[in-house]
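Below is one structure; the comments refer to it alone.
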Amino acid sequence: MCEKENLDKTYNHTETEDEIYKFWEENNYFKPSGVGEKYTIVMPPPNITGNLHMGHALDNTIQDIITRYKRMCGYSMLWVPGTDHASIATEAKIIEELRKENLTKEQLGRNEFLKRAWEWKEKYGSNIKKQLKKLGVSCDWEHERFTLDSGCTEAVKEFFVNLYKKNMIYRGEKIINWCPKCLTSISDSEVNFEEKPGCFYYIKYKLINSEENIIVATTRPETMFGDVALAVNPDDERYKNLIGQEVIVPIVGRKIPIIGDSYVDIELGTGVLKITPAHDFNDFEVGQRHNLPILNIMDEKACINELGGEYSGLSRTEARKKIVENLQKNNYILKIEELKHNVGTCYRCSTVIEPRISTQWFVKMKKLAEMSINSVQNDEIKFVPKRFDKIFFHWMENIKDWCISRQLWWGHRIPVWYCENCGEIIVSKEENITHCTKCNSDKLLIEHDTLDTWFSSGLWPFSVLGWPENTQELREYFPTKVLVTGYDIIFFWVAKMIFSSLEIMKKPPFEHVLIHGLVRDSQGRKMSKSLGNGVDPLEIIDKYGADALRFSIILGTSPGNDMRFYAEKVESCRNFANKIWNAARFVNLKISEKKCNQKITISKDIIQNMSRTDRWILSRLHKIIQEIRCDLDKFELGIAAQKLYNFIWDEFCDWYIEFSKLSNEICILIYVLENILKLLHPFMPFVTEKIWQCFSTSKDAIIIEKFPKFESLYINEEAEREIEILMTFVKSVRNLRRELNIGNKKVDIYVEYGNQEAGNVLATCCEEVKKLACIESIHVLKPGVSFDCECSVAVNEYAKIYIPTENLIDKSQELAKLQKELDVSRAQLDQARARLSNQEFMSKAPQKVIQGAREVKEKLESKIEKLLLSINKLTK
RNA sequence: GGGAGCAUAGCUCAGUUGGUUAGAGCACUUGCCUUACAAGCAAGGGGUCACAGGUUCGAGUCCUGUUGUUCCCACCA
């Protein structure tokens with residue numbers, strides 16, 4: 001796939017990514033292996049209308065990391081992709097398109113309209129697929145599904161009929177949320193409340209047989225034509241004697257009663273409420289309780305109908321204006337107060353919702369909600385992070401029946417026919433019902449309404465596996481393991497999958513729900529079209545590479561928390577990809593120098609004969625392997641990424657590679673690099689695969705390599721401690737060099753070791769130390785022997801280091817430096833001593849912590865001793 | 001009105017069951033083109049972990065309260 005020679009100094013993602021993706025696809029690496037335990041993820045299906053945005057990028061990166069990790073761990077990994085027909089959103093787009101041709105959907109007719117919609121799907125539905133591939137998702141594209149494909153349609157019909165037979169679906173005339181623009185009902189969860197300015201109109205209603213007026217405060221005077229009563233609280237001293245009397249609705253002139261109902265809040269407004277059952281949810285309920293008539297005064301577009309007399313045909317807002325003018329003219333308005341209030345709007349088009357009485361289909365939610373709550377309470381389904389279960393419970397506990405019918409054409413038609421002859425409702429999975437099942441009449445009306453999009457996506461975890469057919473795949477790959485999604489669609493989607501699955505599959509659809517936050521802009525604002533602050537993931541991928549984008553939205557983030565998007569962060573991740581690229585180039589160089597690239601199997605014997613630095617890096621690597629596995633199993637991707645970043649950059653590149661420049665041993669170097677690449681592959685799939693293909697001795701692809709396994713054999717605390725000494729020493733010398741401002745000049749140093757171990761380590765790693773700290777020669781001093789020379793000194797817990805030089809630091813400056821260090825060390829020592837002399841600490845703290853405190857104490861004592869000597873000498 | 005999150009370096013964020021001297025990236029200062037990498041290397045500065053109490057041998061972490069902030073749910077009087 002690539003030439004080993006002449007590798008560019010800079011990693012080029014543009015040349016790499018598409019080629020690598022093609023390589024994976026052609027080799028069918030995304031398909032489940034069929035071997036090993038099954039692991040299933042279903043992709044939240046993006047809308048066919050949509051383009052890839054940062055939310056998708058995040059959601060799918062998380063899923064891809066899990067997928068690649070599990071695949072490398074030997075699972076038969078199935079990640080099912082697909083798209084959602086998004087009935088209301090897509091239908092709106094097509095109507096928009098028609099409008100440009102001066103057509104309405106009615107003019108076009110249902111069949112032609114649907115033809116258009118399918119054309120739209122064919123045209124744009126694959127767009128997002130291409131975009132997801134750019135991101136590097138390793139889902140099984142052969143399993144790709146669509147919520148409106150024939151299998152999903154079968155599933156929807158089966159589910160509907162099943163629930164209907166169990167009396168869990170019913171048809172009823174209720175007040176529902178109506179969007180006057182989309183011209184359809186929508187469910188409670190599809191309503192957004194927005195704060196909008198409005199007015200409180202105080203209107204006089206004249207009592208019959210009296211000159212007295214009752215003042216009613218309302219924000220919607222235009223609904224007066226639908227008034228059927230005034231209501232007061234029966235405990236309200238001011239009004240309770242009025243209950244039973246009648247008033248006249250101004251302008252309208254109709255008589256309506258005054259009723260008592262405890263729903264009325266005495267404190268709010270004037271304490272009198274006008275009851276308009278057809279246009280308000282609460283009024284509807286009050287009306288039901290008091291057996292009041294229902295006067296619907298608006299049409300489907302929320303224009304006043306014939307009941308509105310002269311206002312008939314006007315829109316809600318126009319009518320309000322005209323009616324208020326009329327009321328003012330006739331002195332019916334006492335006052336008008338401005339206020340801000342929350343108004344329900346359509347989540348798709350932001351039009352103000354009009355509550356509307358209509359006949360719709362509903363799912364009974366009580367039992368389903370109870371089951372769902374139980375499954376989360378019993379930990380059959382676990383939210384990650386856990387706090388989201390509270391939100392889920394609260395929502396489920398207060399849920400009302402779910403309105404599932406939509407007055408749209410693009411969607412699953414409700415499988416129902418009505419007999420005009422006997423009134424029978426026929427619910428059937430059959431395509432063509434021609435005769436009534438009860439009276440055999442052929443006068444049947446077909447139900448035109450379609451189902452809420454979420455009704456079909458609620459079945460997604462099992463419909464994509466073949467349900468309602470009892471397929472082998474369904475038996476093997478259901479339930480799924482984890483569902484990855486943002487907290488913003490827990491109610492829309494997650495909840496629906498949970499109860500649908502519990503009801504029909506008798507099992508939870510997944511074990512974990514991994515919740516992530518929103519990707520916001522750099523100022524913390526939600527990315528939105530209207531603000532124009534959206535960041536296009538494809539542009540970022542183009543510029544920095546998919547690996548960089550992926551890593552930047554994972555690194556240092558935690559589940560459920562929002563994050564801000566910064567190009568600078570992507571840039572630093574791009575640099576990280578380049579760093580690994582160059583580390584690999586270095587290893588490759590070593591290999592070609594040695595003309596040897598055999599793999600090694602590491603045994604105990606070999607480990608014992610290895611150099612200290614090799615034992616150290618292997619120990620560190622295996623600790624990291626253990627931690628990464630642990631973090632990934634807990635879905636702590638952000639922490640895992642951080643650890644990898646630090647290990648690769650700070651330990652492997654900055655120290656081990658430097659060490660290895662002095663060594664001829666390359667087996668361990670190769671071994672560590674290969675393991676690093678495997679650990680990193682789920683996060684940065686492209687660059688790791690590219691390197692694997694270029695450098696690896698193995699012929700296969702890294703995507704199907706085994707994920708590194710922790711082996712305690714490699715853990716070597718001694719080597720870690722020794723390298724720690726070495727690093728501390730090198731850093732001290734470097735620090736002193738910097739202070740002395742001696743550039744890159746090689747120096748001679750004189751050293752007094754703090755203890756035997758330090759002496760041994762530094763003696764045996766002499767070459768490494770010299771190279772890393774730019775030292776010409778090291779002269780070892782005997783402990784306690786005073787060293788008289790014009791030099792500056794650095795002190796740490798392991799050694800005292802002198803550098804003779806002409807550019808001596810000012811004596812007082814040097815003294816101040818040492819004094820400052822002494823003060824800090826003394827304070828720390830005091831702390832450690834206090835802790836160790838504390839009886840309760842000694843008796844209650846774990847041994848590990850006590851031992852740690854002892855070590856700290858010893859190190860500090862050694863350091864302080866040396867510092868004091870140096871200070872004494874300076875002040876002499 | 002009910003609930004939840006967040007508050008840690010100049011900025012953006014990590015910090016998993018409480019345990020040595022609180023971390024990273026970016027930005028900043030200084031010196032280096034040291035043969036993998038200037039998209040780099042090395043050294044450094046910068047934090048009362050919002051505030052006030054409490055529990056504990058020990059609190060950024062747990063509890064209570066306060067302040068600020070964001071979000072969710074409910075709600076067209």
Side-chain angles (χ1 to χ4, degrees), chain A residues 7 9-11 193 196 198 200-201 216-220 223 231 264-265 268-274 279-283 341-344 352-353 355 387-388 390-391 394-395 398 487-488 490-491 517-518 522 524 552 555-558 560-564 566 568-569 571-590 630-631 634 636 638-639 642 645-646 653-654 657-658 661 731 734-739 741-744 771-772 774 824-825 827-828 831-832 835 838-846 848-857 860:
Chain A
L7 290 162
K9 279 167 82 162
T10 307
Y11 169 61
F193 283 88
K196 296 199 172 190
F200 235 156
Y201 302 90
V216 177
T218 179
T219 55
R220 300 200 62 194
T223 62
V264 182
D265 187 336
L268 216 54
T270 60
V272 186
L273 182 60
K274 71 186 196 67
H279 301 282
D280 182 281
F281 285 89
N282 293 307
D283 289 10
H341 57 168
N342 281 329
V343 181
V352 174
I353 288 304
R387 65 171 187 271
F388 286 100
K390 264 178 256 166
I391 297 170
H394 181 259
W395 188 76
N398 295 291
Y487 58 71
D488 49 335
I490 293 177
F491 305 141
L518 265 42
S522 59
S552 81
L555 180 70
T557 60
S558 59
N561 284 7
D562 289 354
M563 72 193 74
R564 298 191 193 195
Y566 278 92
E568 290 88 341
K569 192 174 175 188
E571 202 178 315
S572 74
C573 293
R574 188 264 325 254
N575 295 352
F576 178 52
N578 193 48
K579 186 77 182 171
I580 300 151
W581 174 254
N582 275 290
R585 275 181 69 224
F586 171 80
V587 176
N588 186 45
L589 221 82
K590 287 288 256 186
C630 180
D631 290 332
K634 287 188 293 190
E636 288 284 2
I639 293 176
Q642 186 77 59
Y645 185 97
N646 292 336
C653 290
D654 288 350
I657 285 190
E658 292 307 318
K661 285 178 180 170
K731 281 180 194 166
R734 284 169 171 174
N735 180 299
L736 191 55
R737 292 175 55 91
R738 182 78 273 285
E739 278 174 9
N741 207 16
I742 46 183
N744 54 0
K771 169 115 202 312
L772 294 179
C774 205
V824 171
S825 301
Q828 289 168 354
Q831 231 174 47
R835 199 176 297 133
N838 182 334
Q839 283 302 314
E840 287 196 88
F841 173 75
M842 296 304 282
S843 60
K844 287 178 185 169
K848 211 175 122 192
V849 176
I850 294 174
Q851 188 53 35
R854 282 207 184 103
E855 277 166 30
V856 166
K857 194 192 121 209
L860 286 168

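A quick note: this is a predicted structure, and the numbers were derived from the prediction, not measured. Below, chains carry the letters A, B, ... as their sequence lines are ordered, and counting in each starts from 1.
Taking the P atoms as reference points, B:G23 lies 14 Å from B:G46, given to the whole Å.
In this structure, A:Lys661 forms a cation-pi arrangement with A:Phe586, its terminal cationic atom sitting closer than 6.0 Å to the ring centre and no more than 45° off the ring axis.
Looking at heavy-atom distances under 4.0 Å, A:Arg387 makes contact with sugar-phosphate atoms alone, never a base. Across all strands shown, A:Phe281 has no heavy atoms under 4.0 Å from either base or sugar-phosphate atoms. Counting non-hydrogen atoms under 4.0 angstrom, A:Asn282 reaches the backbone sugars and phosphates but no base. Nucleic acid contact for A:Lys848: none, since no nucleic acid atom lies under 4.0 Å from a heavy atom of the residue. Backbone-only contact: A:Gly556 has heavy atoms under 4.0 Å from sugar-phosphate atoms and none from a base.
Below the 3.5 angstrom threshold, one finds a donor paired with an acceptor across the side chain of A:Lys579 and the base of B:C37.
Taking CD of A:Gln831 as the reference point, atom CZ of A:Arg835 lies at 5.5 Å (rounded to 0.5 Å).
Atom P of nucleotide B:G25 and atom CG of A:Asn578 are separated by 16 Å, given to the nearest angstrom.
Of all nucleotides listed (B:C57, B:A36, B:G15), B:C57 comes nearest to the side chain of A:Ala845.
Partner assigned to B:U69 is B:G5, using Watson-Crick or G-U wobble distances below 3.5 angstrom.
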